[in-house]
Amino acid sequence: MKKIIALFVMLFAFSAGMNAQEKSKFDEAARHDVRLLKEVIDFDKNTEEALYYLFLKKHDGLSTPELSDERKDGIAKIIDAKLRATLSNEKIDMLMKKDNALYRQLIVNEKK
């Protein structure tokens with residue numbers, strides 16, 4: 001009985017550790033996206049926080065194993081719509097003129 005309980009505790013600790021590593025990976029990727037965007041356009045702290053959570057959800061959603069292309073397109077459309085809702089039209093236009101490849105990377109996670 002003690003071995004079963006010990007095995008259960010070790011399994012729980014291992015899965016909690018893996019979950020923490022994934023979250024830190026998503027956190028780092030989201031912060032990287034915000035830094036890249038901030039290099040091109042300027043925005044306030046509240047907008048920065050909103051964009052961080054948007055990109056955090058993007059990386060979490062795209063990390064699903066065996067994600068279909070249809071689902072990836074759906075995530076990209078949602079990210080695009082929320083990005084356009086968060087930033088003004090002028091800032092979106094400025095971003096697309098200065099670095100359209102960055103805009104695509106932020107939306108669908110394509111590398112430049």
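Values below: all heavy atoms of this structure, side chains included; hydrogens, waters and symmetry mates excluded. If you read the sequence from its start, that first residue is 1, and numbering goes on from there.
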Show, in sequence, the C-alpha distance, side-chain angles and deciding distance for Ile79 and Leu106, and conclude whether the side-chain contact (heavy atoms from CB on, under 4.5 Å) test is met.
CA-CA 8 Å; Ile79 298 300; Leu106 294 173; 6.0 Å; no

For Ala30 versus Leu56, what's the shortest heavy-atom pair and its separation?
CB-N, 3.5 Å

side-chain contact (heavy atoms from CB on, under 4.5 Å) between Leu37 and Phe43, worked out
CA-CA 9 Å; Leu37 186 57; Phe43 42 83; 3.8 Å; yes

Regarding Arg84 and Asp80, does a basic nitrogen lie under 4.0 Å from an acidic carboxylate oxygen?
yes

Exactly one of Asp33, Asn46, Leu87 clears side-chain contact (heavy atoms from CB on, under 4.5 Å) with Leu51, and that residue is Leu87

So which heavy atom on Glu48 is nearest to which on Val34, and how close?
CG-CG1, 3.6 Å

Spacing of OG1 belonging to Thr86 relative to NZ belonging to Lys82, to within rounding of 0.5 Å
8.5 Å

Does the distance from a Lys or Arg side-chain N to an Asp or Glu carboxylate O, for Asp93 and Lys97, drop under 4.0 Å?
no

Are the side chain of Lys25 and the backbone of His59 linked by a donor-acceptor contact shorter than 3.5 Å?
no

Indicate if Ile78 and Ile92 have the same hydrophobic cluster label, given that clusters are the connected sets of ILVMFWY residues with side-chain heavy-atom separations under 4.5 angstrom.
no

Test Tyr103 against Asp99 for side-chain contact (heavy atoms from CB on, under 4.5 Å), laying out the working first.
CA-CA 7 Å; Tyr103 185 73; Asp99 200 346; over 6 Å; no

Approximate separation, where rounding is to 0.5 Å, of Phe55 CZ and Asp60 CG:
15.0 Å

What verdict does the side-chain contact (heavy atoms from CB on, under 4.5 Å) test give for Leu54 and Lys58, after you've listed the backbone C-alpha separation in whole Å, the side-chain angles of each residue and the deciding distance to 0.1 Å?
CA-CA 6 Å; Leu54 173 64; Lys58 174 189 87 168; 5.9 Å; no

Where the side chain of Lys91 meets the backbone of Asp42, is there a donor-acceptor pair that is under 3.5 Å apart?
yes

Trace of the salt bridge (charged side-chain N to carboxylate O under 4.0 Å, His left out) decision for Asp73 with Lys77
CA-CA 6 Å; Asp73 290 342; Lys77 287 178 184 177; over 6 Å; no

Taking all atoms of both residues into account, what is the closest heavy-atom pair of Leu36 and Leu102, and its distance?
O-CD2, 3.6 Å

Any non-hydrogen side-chain atom of Leu62 less than 4.5 Å from a side-chain atom of Phe26?
no

